[in-house]
Amino acid sequence: MATPVAGAIPRVEPRPVLRPQQPLQQAALDSARRVAPSGLGLDSAGIRKRMVDRLVAAGLRDELVKDAMSQVPRHVFVDTALVNQAYEDTSLPIGLGQTISKPSVVARMIELLMAGANARTKRSLGQALEIGTGCGYQAAVLARLSRQVMSIERLRPLHDKARENLAPLRQMNIRLVYGDGMRGHPPNAPYDSIISAAGGEALPDAWLAQLAVGGRLVAPVHDASGARQVLVVVDRTDEGFTRSVHEAVHFVPLKSGLD
Ligand code: SAH
């Protein structure tokens with residue numbers, strides 16, 4: 001063994017250079033090249049098929065919901081810096097503290113709505129009302145399954161952004177409304193299907209009043225303890241309303257009024 005000579009510089013093994021910024025640089029490159037981490041192009045049908053395959057593995061069964069989810073390009077609805085994550089099962093920020101919902105949650109809620117549609121509107125959501133347009137993604141999925149979708153948003157910049165995002169899709173049966181969705185949208189009521197993308201303390205009376213007989217509503221609502229949100233399904237029959245409670249979820253808050 002060599003004895004270190006006084007004053008000699010100790011030998012240091014070369015260590016790999018840390019590049020904490022590398023994943024970010026890779027993401028930026030992927031975004032610029034419009035590919036996902038899987039290498040699939042964002043405009044390819046393959047990338048959406050892969051997303052739907054994962055939703056199926058997680059329990060999605062409804063063929064029409066599968067078709068609708070495999071047709072809507074989710075990357076069109078997210079920020080340029082995040083497009084390479086558009087087909088991951090994750091919610092992503094869309095500005096103003098709001099998020100685009102996870103594909104699995106969109107699929108689950110629409111599948112619940114469709115299960116109600118079986119008996120009444122012959123596999124269509126009929127006249128649908130969405131509360132919380134956000135970036136417009138879910139409205140685009142709903143539009144493929146409905147006669148008409150009225151979608152309400154209380155934040156003007158998001159309402160405008162959704163209009164911009166949806167324009168190239170030429171989905172003519174979507175009407176975007178800037179307003180307080182807690183009041184529903186009386187001019188086009190009653191609705192065969194009502195879906196909320198924001199969770200409140202209770203279901204607003206206006207939604208129940210605007211639900212058609214034979215119609216179904218799906219929404220996140222705080223449970224009795226107020227500590228968590230659960231998905232609630234309400235069916236309206238000739239006799240009144242029946243309500244069932246499903247799994248815990250996590251949605252942005254339902255707020256009243258306009259900002
Ligand atoms: N549908 C979107 C999710 C949007 S997040 C998607 O496709 O991913 C929920 C949205 O609900 C937010 O944009 C929020 O501003 C909106 N929101 C909350 N309370 C509302 C209300 N009372 N009326 C209308 N929109 C509301």
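Small disclaimer: the values here were computed from a predicted structure and weren't measured. Numbering of ligands and ligand atoms starts at 1, following listing order.
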Please enumerate all residues that pass salt bridge (Lys or Arg N to Asp or Glu O under 4.0 Å) together with R108, with sequence neighbours excluded.
E247
Could you work out, with salt bridge (Lys or Arg N to Asp or Glu O under 4.0 Å) as the rule, every residue matching K49, not counting sequence neighbours?
D53
Mutual orientation of the aromatic rings belonging to H159 and Y178 [parallel < 30°, tilted 30-60°, perpendicular > 60°]:
tilted
Considering only heavy atoms from C-beta outward, does the side chain of Q127 approach that of M150 to under 4.5 Å?
yes
Closer than 4.0 angstrom, basic N to acidic O: yes or no for D180 and R154?
no
Side chain to side chain donor-acceptor pair (under 3.5 Å) filter on R183, not counting sequence neighbours, yields none
Around ligand 1, what residues show up once you keep those with a heavy atom under 4.0 Å from it?
Q98, T99, I100, S101, E130, I131, G132, T133, G134, Y137, Q138, I152, E153, R154, L155, L158, G179, D180, G181, M182, A197, A198, V252, P253, L254, K255
